[in-house]
2 protein chains.
Amino acid sequence: MESVTGTRERIVNAGAELLRRNGYTGTGVKQIVEAANAPFGSLYHFFPGGKEQLGEEVIRTSGMMYLALFEIFFADEPDLIHGIEACFASAAETLKATDYADACPIATVALEVASTNEKLRIATADVFTAWIETGAEKLGKYGLGPESARRLTIALVNSLEGAFVLSRSLRNTEALDVAGASSVAFARTLLAS
Amino acid sequence: MESVTGTRERIVNAGAELLRRNGYTGTGVKQIVEAANAPFGSLYHFFPGGKEQLGEEVIRTSGMMYLALFEIFFADEPDLIHGIEACFASAAETLKATDYADACPIATVALEVASTNEKLRIATADVFTAWIETGAEKLGKYGLGPESARRLTIALVNSLEGAFVLSRSLRNTEALDVAGASSVAFARTLLAS
DNA sequence: GTCTATAATTCGATAGAC
DNA sequence: GTCTATCGAATTATAGAC
């Protein structure tokens, strides 16, 4: 009932924002504690494993927060197509509102560590696995078989992640608009099969 | 007619491979010249602009090489659907053959620099623009209108880039398989409209 | 063009007083 | 738990001999 934001929490939050925008190797630990308004020593007090331990926690927590966002969109949505369209429209809005900075919280790090840091690679894999499994469970409510629901979920993540790459680079939301349309087309195909 | 690989070319090639796998901030210039078997001084002889200039050249050249790969798949392919399926199947094969290292040559860098380095961000944007415009021109031959051809091309890149993120992280090709299927579904939808 | 030495800075991480 | 000082190794980049 006190301390709205502890030092440890501020470090994780600042780390999440910096890793999302600048990547893992592109972000320094000193940069993180400064942004968190935390003393440097606190970083190694709360994270004895150093940058890697902080990185892993950032990946897992922000990955789960992003999943919660997805679940909200489909919580009370009776129509699958509307839910998909709302997801991509919301992603486009957020991206534009943050000057094309806030896309996927872990994609940049995921690509950076895929071939270089096995512990962090596994953290990103666990997040993506949770997205796919939880998403498939939710989308299974719309009259799709288990395998179709899983494949549709993967297709949604594919299109979203890829559109984030194009949209951030090109600084426009055309790719996200197309991603919504192509995802809807795949959903209709699966619903009709 | 001589010198199969000059020093400058070896530096660019080594830089391309390292940037693709480890990213821009994750790759050191010493690491590049060492991999290229080049003297350190040669780097700043051929690239007075240092790491950034080399990075820009790597982005542009490997981006164009990847585009050439795409063009080969559709050069003598009479069927659009077959061409799409071949693209994703080939990407999956390459990825698996390289232990999930060789995916998109510029995606990691594109995400890293999108919010941090405007010159390199523009280089990635130029590459993606070339992909979209050239792709749209090629796919326009299959009975699609200009706008549909452009949107299908963007959808293909979306799905491919996103599936690369998932496949490299999860170390399997399921996402690439789904990406092929969802892209085919979108192509059929556009062909039928 | 090649090569070496080194400058100048930043990196992640640690020690130890408080 | 906070804070500072600092270490050693890395980073990019430059100078200058050959």
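So that the names make sense, note that chain A is the first sequence line, chain B the second, and so on, each numbered from 1. For clarity, every value in this text was computed on a predicted model and none was experimentally measured.
- Overall, the helix from C:dG1-D:dC18 to C:dC18-D:dG1 carries an axis bend of 10° between its ends, with five pairs at each end and the value rounded to 10°.
- Between the CG atom of A:L43 and the P atom of C:dT14 there is a distance of 11 Å, rounded to whole Å.
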Inset, instruction - Evaluate the side chain to side chain contact (heavy atoms under 4.5 Å, CB included) criterion for residues B:E52 and B:F47: first the C-alpha distance (whole Å), next the side-chain angles of each, then the deciding distance (0.1 Å), finally the verdict. - result: CA-CA 9 Å; B:E52 193 179 49; B:F47 304 92; over 6 Å; no
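- Enclosure of atom CD in B:E93 is not indicated, since only 12 or fewer non-hydrogen atoms of other residues, nucleotides or ligands lie within 6.0 angstrom.
- A 6.0 Å sphere centred on CD of B:E34 holds no more than 12 heavy atoms belonging to other residues, nucleotides or ligands.
- Taking atom CG of residue A:L120 and atom P of nucleotide C:dG12, one finds them 13 Å apart after rounding to whole Å.
- One atom, CD of B:Q53, and another, P of D:dA13, lie 11 Å apart when rounded to the nearest Å.
- With respect to the salt-bridge test (charged N to carboxylate O, under 4.0 angstrom), the residues A:E174 and B:R150 qualify.
- Put simply, CD1 on B:I32 is 17 Å from P on D:dA10, counting in whole angstrom units.
- Classified by interplanar angle (parallel below 30°, tilted 30° to 60°, perpendicular above 60°), the ring pair A:W131/A:Y66 is tilted.
- Rounded to an integer number of Å, the gap from CG of A:L54 to P of C:dC11 is 15 Å.
- Contact check on A:D177 versus B:R151 returns no salt bridge, with no Lys/Arg side-chain nitrogen under 4.0 Å from an Asp/Glu carboxylate oxygen.
- Applying a 4.0 Å cut-off to non-hydrogen atoms, none of the residues of residues 107-114 of chain B approaches DNA chain D.
- Looking at heavy-atom distances under 4.0 Å, B:T27 makes contact with sugar-phosphate atoms alone, never a base.
- Residue-environment remark: CD (B:Q31) exceeds the threshold of 12 foreign heavy atoms within 6.0 Å.
- Put simply, the side chain of A:T124 never gets that close to the backbone of A:A110: no donor and acceptor are under 3.5 Å apart.
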Legend entry - Per-nucleotide protein contact string for nucleotides 1-8 of chain D, where B marks a base within reach and S marks sugar-phosphate only (heavy atoms under 4.0 Å, - for neither): SSBBB---
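- Between A:T189 and B:V184 there is no side-chain heavy-atom pair separated by less than 4.5 Å.
- In this structure, the side chain of A:S148 does not engage the main chain of A:L144 through any donor-acceptor pair within 3.5 Å.
- By the 6.0 Å contact criterion, CG on A:D79 is enclosed, its count of non-hydrogen atoms from other residues, nucleotides or ligands being greater than 12.
- Rounded to whole Å, the distance from CD on A:Q31 to P on D:dT11 is 18 Å.
- Residue B:Y44 places at least one side-chain N or O under 4.0 Å from the OP1 or OP2 atom of D:dA13.
- At whole-Å resolution of the value, CG in A:N117 and P in C:dG12 are 13 Å apart.
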